[in-house]
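These notes are about the structure you will find just below.
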Amino acid sequence: MSTSTETIEQLATREYKHGFYTDIEQEVIPRGLSEEIVRLISAKKQEPAWLLEWRLQAYRTWLTMKEPTWGNIKYGPIDYQNIIYYAAPKKKPALQSLDEVDPEIRRTFEKLGIPLEEQKLLSGVAVDAVFDSVSVATTFKEKLAELGIIFCSFSEAVQNHPELVRKYLGTVVPYSDNFFATLNSAVFSDGSFAYIPKGVRCPMELSTYFRINAKETGQFERTLIVADEGAYVSYLEGCTAPMRDENQLHAAVVELVALDNATIKYSTVQNWYPGDKDGKGGIYNFVTKRGKCAGVNSKITWTQVETGSAITWKYPGCILQGDNSIGEFYSVATTNNWQQADTGTKMIHLGKNTKSTIVSKGISAGHGQNTYRGLVRIAKGARSAHNYSQCDSLLIGDKCGAHTFPYLEIRNSSATVEHEASTSKIGEDQIFYCRQRGLSTEDAVNMIVSGFCKEVFRQLPMEFAVEAQKLLSVSLEGSVG
Amino acid sequence: MLKVRNLHARVAGREILRGIDLSIQHGEVHAIMGPNGSGKSTLARVLAGHPEYEVTEGEVLFEGEDLLDMDPEERARAGLFLAFQYPVEIPGLNNAYFLKAALNTMRKHRGEEELDAMEFMTLVRERMKQLDIDEAFLNRPVNEGFSGGEKKRNEIFQMAVVEPKLGILDETDSGLDIDALKIVANGVNAMRSAERTFLVVTHYQRLLNYIIPDVVHVLTDGRIVRSGGKELALELEDKGYGWLEEPVRG
């Protein structure tokens, strides 16, 4: 019976909705990477000497490193000398209100459905909008400042809170961590910084929208979030990128630090341009995200919905250093057409009674290849550590693939480690059942997929969950018809 | 309201239906009985448009429309409901959410207002009471972790909510104990009206003690070999299917 195969082919072919290009004057520096370029970036940002030194150490380390090849992904060689490592909109970034934002930029955000003023009014979300490499609008800052919360661009933090940046930068992801993180450490342009002081519960979701827009400009965002003792913060990161033919490299680093009794929730909806139906173009997304539960009873939760990018390579992890600390990872990764994802997490148990939970949902359609790669390491001193992992794969059609690579390193016999895995296919019977209830094939697939992802969506803040669900259905459109 | 003429259908290259003729008027209840492998369930699935089955000959008119020309979802929206023999599990998908989406698609098709969450819940609570269904049912995933009996009851519950013109019950009685059978039958009987038609597919006569049919058809080897009143079902119960086949063959 061919209906379901046709169906399956077709749900995968709706055009990328966020594919447009905004024409704004850009200030760019020459292509390529050298010590001079690193110095130039640092100088443009008027950074202190210690930060330049840190960048240079990273750069020199990077020169000795090799691009990793262990990922279950295939892509052509990246020419690191053909990348422009810094671009900023020419307009002055220090704006007092949204009215001062370049109208062209604001139109772009509106096309993406992110009208800043509306968000400001309705959703209570403070948005630090990173447009290319420099922040152009920051809202709610004053309200947060009253509580002593610092939420600003990374560059601003370097200028205004250098002691905090210096204390925590590189403490979770050192500059020598891995090829892409090291590259980021040398050339990072901007990103977000948040600090929640002792005992403060951040009253709103903090949010950053990243967007690649400068032609052929690699994005090297750097984000650092510190929750001091007893603090709580929920941070949202959402991305979309415009349609572009060349592959674009994105190598971000995110570091989270949770001190005693602190909680950080970090949620991502990633929708970078995935390339076209034939696998042409799309973002290469090599990201290093890691959180350190440094204090006792601290907790870090990563939730990610990855629908975009031609290549996704990321393993948001937790170092569970404090006793009784908790790390969680909830992930939905979708690959359609020719997308490839090699993603998962690392849970490093160091403290006693540490707990980690991993729930990974991979959805493959078209020729998509989806790999879960997860490491659970229980160190010698981690008495009574507990891990639960669940990895489920859903296949749509018969040309896609799902792969699971769980790594377990247990050095303490008191540990409890559970691992469950499943692979299923959207069945013709499920689709027929839904159609017999009057639903179109497309609605049927969306419902089946959203049911599959429910445990992860439940972890997202409400408005984000709705957005994530929409994104998922857009990214699977045409995979069944 | 339903006219089936010389219907032939096959699955995986094997012919299962070999010329079915059937005519059902508004408000009637027809039972299709027959031994295993006679094509009863195939008939139900073909009418609902299951993509695995290929119709090779014949025609089906539903309210005067060419049913075979319609997609499964169009048939459903036009008022044809199939209570599945083996209801399908959809992990993680909330029962209430699924049913509300289904109902509103059908209402939209009929040019009726879509129900909001409040109106939907009012309707659903009433139907649940009739079918003795616990409210916790609504928040469970569609058929996931349901017992066989719960799945069947869920089918009849869905039917009671979407209120189709034609309800096809595919071996709804199998796997039900006598109490559940009575509840299901009561649910169906409560829905009987001059506008609503039922086609009840069953292997056993038992269900027909509770849902009294107007006409009973006996299907063997892909053909209807005998039609009669409700007493035909009793006769079958008594004598089995064997005695019917002989005169046809002879």
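Chain letters run A, B, ... following the sequence lines, proteins first, then strands; residues in each count from 1. As the structure is a computational prediction, the values presented were derived from the model and not from experiment.
Across A:Y266, A:F329, A:Y330, a single residue satisfies side chain to side chain contact (heavy atoms under 4.5 Å, CB included) together with A:Q304, and that is A:F329.
Within the 4.5 angstrom heavy-atom criterion, only side-chain atoms of B:N143, from C-beta onward, approach chain A. For a residue to count as touching a neighbouring chain, one of its non-hydrogen atoms must lie under 4.5 Å from one of that chain's; by this rule B:F81 touches chain A with backbone and side chain alike. Neither the backbone nor the side chain of A:C453 comes within less than 4.5 Å of any heavy atom of chain B. Only the side chain of B:V142 comes within contact range of chain A, with heavy atoms under 4.5 Å apart. A:Y433 touches chain B through backbone and side chain together, each having a heavy atom under 4.5 Å away.
Ionic pairing of B:R107 and B:E119 is not present here: no N-O contact between side-chain nitrogen and carboxylate oxygen is shorter than 4.0 angstrom. A:R435 and B:E73 are joined by a salt bridge, as a carboxylate oxygen and a charged side-chain nitrogen come within less than 4.0 angstrom of each other. Ionic pairing of A:E237 and A:K289 is present here: one or more N-O contacts between side-chain nitrogen and carboxylate oxygen are shorter than 4.0 angstrom.
Most heavy-atom pairs under 4.5 Å with chain A: of the set B:E144, B:Q158, B:M106, B:E74, this distinction falls to B:Q158. Taking chain A as the reference chain and counting heavy-atom pairs below 4.5 Å, the highest number among B:T105, B:D71, B:L82, B:I90 is found for B:L82. Top candidate by heavy-atom pairs under 4.5 Å with chain A, chosen from B:P141, B:G49, B:A12, is B:G49. With chain A as partner, the option from B:V11, B:L80, B:V162 having the largest number of non-hydrogen pairs under 4.5 angstrom is B:L80. The candidate from A:S440, A:S424, A:G427 with the greatest count of non-hydrogen atom pairs under 4.5 Å with chain B is A:S440. Interface remark: of the candidates B:P91, B:P72, B:A48, B:P72 forms the most heavy-atom pairs closer than 4.5 Å to chain A. Across A:Q430, A:M447, A:K454, the residue that shares the most heavy-atom pairs under 4.5 angstrom with chain B is A:M447.
Closest approach of A:H419 to A:C391, counting heavy atoms only: CE1-SG, 3.7 Å.
A donor-acceptor pair shorter than 3.5 Å cannot be found between the side chains of A:T334 and A:N336.
Atom OH of B:Y97 has 12 or fewer heavy atoms from other residues, nucleotides or ligands within 6.0 Å. For CZ of B:F137, the number of neighbouring non-hydrogen atoms (other residues, nucleotides, ligands) closer than 6.0 Å is greater than 12.
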